*Asks:* 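Here you go, one structure.
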Amino acid sequence: MASDEFLPIKGMSDIISPEVSLWQLVESRAREVFHAYGLTEIRTPILEREELFIHSLGNTTDVVQKEMFTLDYQGKMRLTLRPEGTAGVIRSLAGAGPDGRQARVYYLGPMFRAERPQAGRRRQFHQIGAELTGEANPLADAECLAMQAHLLKAWGLSQCRIKINTRGLPEDRAVVADGLRTVLKPHLDGLCEDCRRRYEQNVLRVLDCKNPACGKIVEGLPSMTSFMSEASRSYFEEVQYALRLLNLEGEVTPRLVRGLDYYAHTVWEISHPGLGAQDALSGGGRYQIMMNGKPVDGVGFALGMERVLAALNAEGVHAEDLVLRPKAWLVSLGEAALKENLLLAMTLRRLGVACGMDLTARSMKAQMRAAGKSGAAYVLIRGDAEMEKGVFQVKDMVASKQEEQALPEIMSLLLPDITPPPAGG
RNA sequence: GUGGGUGUAGCUCAGUUGGUUAGAGCGAAAGAUUGUGGCUCUUUAGGUCGCGGGUUCGAUCCCCGUCACUCACCCCA
């Protein structure tokens with residue numbers, strides 16, 4: 001058992017092979033899909049001023065109240081490890097002037113929240129997200145959700161469930177909260193302890209309480225949308241129309257609530273049955289964030305990388321199958337062959353042929369075992385006899401066949417994809 | 001932050017109703033096969049039984065504390 005000093009900090013993990021292969025695959029497919037939609041990557045700092053998150057996420061949210069890693073920098077400022085990606089991206093885009101208000105960007109990277117770790121929840125976790133800024137437009141919301149569905153499909157996830165809802169116009173948020181409190185007030189005694197606290201602090205959360213008693217009370221209440229303005233309701237109708245146009249199934253879920261204050265209008269959540277208690281793969285929606293007194297509008301989503309990977313595992317995609325194997329393995333018998341093989345390995349690598357070898361001339365059996373374990377397709381064996389003739393014993397590890405070959409033949413075996421330079425070039 | 005579960009070899013786990021040298025499988029290293037991986041057989045290496053204290057003639061086992069991991073609540077992706 002590893003001693004504590006070799007372990008990373010609680011809730012943080014080293015990402016190593018073979019798992020890292022899956023990360024790379026997921027990230028590269030994501031880049032391809034984002035490119036197809038005209039998004040460019042944005043990389044913002046991991047450390048931001050604390051106020052940025054307090055103002056954009058809302059100072060009554062749990063994320064801000066008890067989950068942020070904040071440090072005091074020489075008594076001059078309070079710096080926070082970003083707990084989510086949107087706030088930093090919008091800060092950056094707002095600073096870019098008018099261009100930033102019509103931007104299409106994606107990001108990926110680590111986020112930090114000081115929660116107790118559990119399945120699907122780490123203190124350092126990773127998100128892939130997208131932000132499309134621009135004034136509220138139902139078509140933009142639908143496009144964003146469609147892009148996300150496309151992404152999940154590109155990863156090979158087929159069992160996702162999309163739930164959508166609306167929070168209405170930004171100015172409706174207070175009206176809805178007041179309305180809900182009014183109709184909930186007579187039932188206060190029947191609510192669970194948590195919900196009596198939520199009633200004060202974050203009344204929308206009462207709607208998705210898991211407690212059956214609370215659920216019963218909520219069922220009898222008028223829906224959230226009934227407190228909203230006509231404009232909010234018709235906006236949501238148009239979003240749903242656009243989703244049908246794009247052939248997307250979104251389950252309208254009136255009790256779906258997003259936790260952060262900046263959400264307005266369309267919100268959604270995508271869950272996966274293979275995940276356990278934290279079954280949300282992703283959340284997203286339209287938002288309006290005040291930056292320097294001016295509103296920035298946009299629509300976006302964030303996917304939890306670790307949860308995507310867990311979902312892929314649940315659907316039978318395993319990192320072990322994706323690990324890159326060397327094309328060749330060099331086996332050296334004797335010191336002279338060892339040195340010549342090192343030189344050959346460097347040459348092959350410059351030509352783009354991944355190859356490995358043992359740097360000691362230990363027993364052939366041991367070297368063959370290492371070759372087999374590496375998964376190399378071919379093994380090139382060279383000893384004194386081969387050195388003298390200028391040849392190699394070339395073993396095809398899959399077919400388990402071996403023949404003597406000279407270097408030119410070996411090159412065409414290892415470099416079959418090399419195309420001759422264009423004529424006249 | 002609250003509650004439950006688990007800490008024994010690199011990994012997965014047995015085990016001892018408290019008693020002498022703590023076991024297995026997998027993995028690793030070497031050999032059987034004097035220059036050939038996977039299958040088989042043999043051998044070897046590898047352990048402060050998470051850490052600290054208590055009870056006891058004696059604790060890996062019982063008790064207390066602590067730390068770590070893990071699951072769930074809360075919340076979120």
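What you see is a predicted model; the values in this text were computed from it and never measured. Throughout, a chain's letter reflects where its sequence line sits, starting with A, and its residues are numbered from 1.
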*Asks:* Indicate, yes or no, whether a donor-acceptor pair under 3.5 Å links the base of G35(B) to the side chain of Glu386(A).
*Replies:* yes
*Asks:* Of all the choices, C73(B), G37(B), A77(B), which nucleotide is nearest to the side chain of Gln118(A) once you look at every atom?
*Replies:* C73(B)
*Asks:* RNA chain B: Asn202(A) or Arg362(A), which has the more 5' nearest nucleotide?
*Replies:* Arg362(A)
*Asks:* Above 12 or not: heavy atoms from other molecules or residues under 6.0 Å from CD of Glu320(A)?
*Replies:* yes
*Asks:* Answer with base, sugar-phosphate or nothing: what part of the nucleic acid does Arg113(A) contact at a heavy-atom distance below 4.0 Å?
*Replies:* base
*Asks:* With hydrogens left out and only the distance checked, is there a donor-acceptor pair under 3.5 Å joining Lys395(A)'s side chain and the base of G37(B)?
*Replies:* yes
*Asks:* Please give the distance between the C1' atoms of C26(B) and C39(B) as a whole number of Å.
*Replies:* 16 Å
*Asks:* What is the distance, rounded to the nearest whole Å, between atom CG of Asp358(A) and atom C1' of G35(B)?
*Replies:* 15 Å
*Asks:* Looking only at atom C1', what distance separates A30(B) and U34(B), rounded to whole Å?
*Replies:* 15 Å
*Asks:* Could you say whether Arg122(A) or Ser282(A) is positioned toward the 5' end of RNA chain B, judged by the nucleotide with the nearest heavy atom to each?
*Replies:* Arg122(A)
*Asks:* To the nearest Å, give me how far apart CZ (Phe112(A)) and C1' (C75(B)) are.
*Replies:* 19 Å
*Asks:* Determine, using ring centers only, whether His150(A) and Tyr37(A) are less than 6.0 Å apart.
*Replies:* yes
*Asks:* For a quick check of understanding: with a heavy-atom distance under 4.0 Å over all strands, which category does Thr61(A) fall into, base, sugar-phosphate or nothing?
*Replies:* nothing
*Asks:* Kindly say whether, by distance alone, the side chain of Gln402(A) makes a donor-acceptor pair under 3.5 Å with the base of U36(B)?
*Replies:* yes
*Asks:* Pairing check on G7(B): which nucleotide meets the Watson-Crick or G-U wobble criteria with it, both distances under 3.5 Å?
*Replies:* C67(B)
*Asks:* Could you give the CG-to-P distance, from Leu330(A) to G35(B), as a whole number of Å?
*Replies:* 20 Å
*Asks:* Over all strands shown, is Gly129(A) touching base, sugar-phosphate only, or nothing at heavy-atom distances under 4.0 angstrom?
*Replies:* nothing
*Asks:* Is there a side-chain contact (heavy atoms from CB on, under 4.5 Å) between Leu333(A) and Leu338(A)? Walk through the geometry before answering.
*Replies:* CA-CA 7 Å; Leu333(A) 302 168; Leu338(A) 177 64; over 6 Å; no
*Asks:* Looking across every strand, which nucleic acid part, if any, lies under 4.0 Å from Glu67(A) by heavy atom: base, sugar-phosphate, or nothing?
*Replies:* sugar-phosphate
*Asks:* Do Glu315(A) and His272(A) pair up side chain to side chain, a donor and an acceptor below 3.5 Å, judged on atom types alone?
*Replies:* yes
*Asks:* Less than 4.0 angstrom between a side-chain N/O of Lys10(A) and OP1 or OP2 of C69(B), yes or no?
*Replies:* yes
*Asks:* Roughly how many Å apart are C41(B) and C62(B), using the P atom of each and rounding to a whole number?
*Replies:* 37 Å
*Asks:* Record whether the side chain of Arg198(A) comes under 3.5 Å of the base of C74(B) through a donor-acceptor pair of N or O atoms.
*Replies:* no
*Asks:* Paired with U60(B): which nucleotide, if any, by Watson-Crick or G-U wobble criteria at under 3.5 Å for both distances?
*Replies:* none
*Asks:* Considering Watson-Crick and G-U wobble pairs with both distances under 3.5 Å, what does U55(B) pair with?
*Replies:* none
*Asks:* For Ile381(A) and Glu386(A), work out which heavy atoms get closest and say how close.
*Replies:* O-CG, 4.0 Å
*Asks:* Is there a Watson-Crick or G-U wobble partner for U21(B) with both distances under 3.5 Å, and if so, which one is it?
*Replies:* none
*Asks:* Report which part of the nucleic acid Ile381(A) touches: base, sugar-phosphate, or nothing (heavy-atom distance under 4.0 Å, all strands).
*Replies:* base
*Asks:* Write down the distance separating the P atoms in A14(B) and C75(B), rounded off to the nearest Å.
*Replies:* 36 Å
*Asks:* Say you pick atom P in G65(B) and the same atom in G23(B); how far apart are they, in whole Å?
*Replies:* 33 Å
*Asks:* Report yes or no: is there a donor-acceptor pair, N or O only, under 3.5 Å between the side chain of Arg116(A) and the base of G3(B)?
*Replies:* yes
*Asks:* Give Leu333(A) one of three labels, base, sugar-phosphate or nothing, depending on what nucleic acid heavy atoms sit under 4.0 Å from its own.
*Replies:* base
*Asks:* Is it the case that the base of C75(B) and the side chain of Arg121(A) share a donor-acceptor contact (distance under 3.5 Å, atom types as modelled)?
*Replies:* yes
*Asks:* Would you classify Gln393(A) as touching base, sugar-phosphate or nothing, given that sugar-phosphate means primed atoms plus P, OP1 and OP2, and contacts are heavy atoms under 4.0 Å?
*Replies:* base
*Asks:* Distance check, C1' atoms only: A77(B) and U8(B), in whole angstrom units.
*Replies:* 37 Å
*Asks:* Please name the nucleotide paired to A14(B) by Watson-Crick or G-U wobble geometry with both distances under 3.5 Å, or report none.
*Replies:* none
*Asks:* Please check if atom CZ in Arg101(A) has more than 12 non-hydrogen atoms from other residues, nucleotides or ligands closer than 6.0 Å.
*Replies:* yes
*Asks:* Does U44(B) have a Watson-Crick or wobble partner in any strand here, with both distances under 3.5 angstrom, and which is it?
*Replies:* A28(B)
*Asks:* Under a 3.5 Å cutoff, is there a donor and acceptor pairing between the side chains of Glu84(A) and Gln127(A)?
*Replies:* no
*Asks:* Whole angstroms only, please: what is the CZ-P distance between Arg369(A) and G38(B)?
*Replies:* 7 Å
*Asks:* Tell me: NZ of Lys373(A) to C1' of C39(B), nearest whole Å?
*Replies:* 19 Å
*Asks:* A68(B) C1' sits how many Å from Arg123(A) CZ, rounded?
*Replies:* 13 Å
*Asks:* Hey, is the side chain of Ser363(A) pairing donor to acceptor with the base of G35(B) inside 3.5 Å?
*Replies:* no
*Asks:* Distance check needed: A72(B) C1' versus Asn211(A) CG, whole Å only.
*Replies:* 15 Å
*Asks:* Side chains of Trp268(A) and Gln148(A): is there a donor and an acceptor less than 3.5 Å apart?
*Replies:* yes
*Asks:* How far does the P atom of U43(B) sit from the matching atom of G5(B), given to the nearest Å?
*Replies:* 42 Å
*Asks:* If I take atom CE in residue Met368(A) and atom C1' in nucleotide U34(B), what distance separates them, rounded to the nearest angstrom?
*Replies:* 18 Å
*Asks:* With a 4.0 Å cut-off on heavy atoms, is Ala385(A) in touch with a base, just the backbone sugar-phosphate, or nothing at all?
*Replies:* base
*Asks:* Pick the C1' atom in C64(B) and in A59(B), then give their distance to the nearest Å.
*Replies:* 14 Å
*Asks:* Is a donor-acceptor contact shorter than 3.5 angstrom present between the side chain of Glu115(A) and the base of C74(B)?
*Replies:* no
*Asks:* Is the closest side-chain donor-acceptor distance between Thr60(A) and Gln65(A) under 3.5 Å?
*Replies:* no
*Asks:* Could you check whether Ala302(A) gets within reach of a base, just the sugar-phosphate, or nothing at all, counting any heavy atom under 4.0 Å?
*Replies:* sugar-phosphate
*Asks:* Less than 4.0 angstrom between a side-chain N/O of Gln65(A) and OP1 or OP2 of G1(B), yes or no?
*Replies:* no
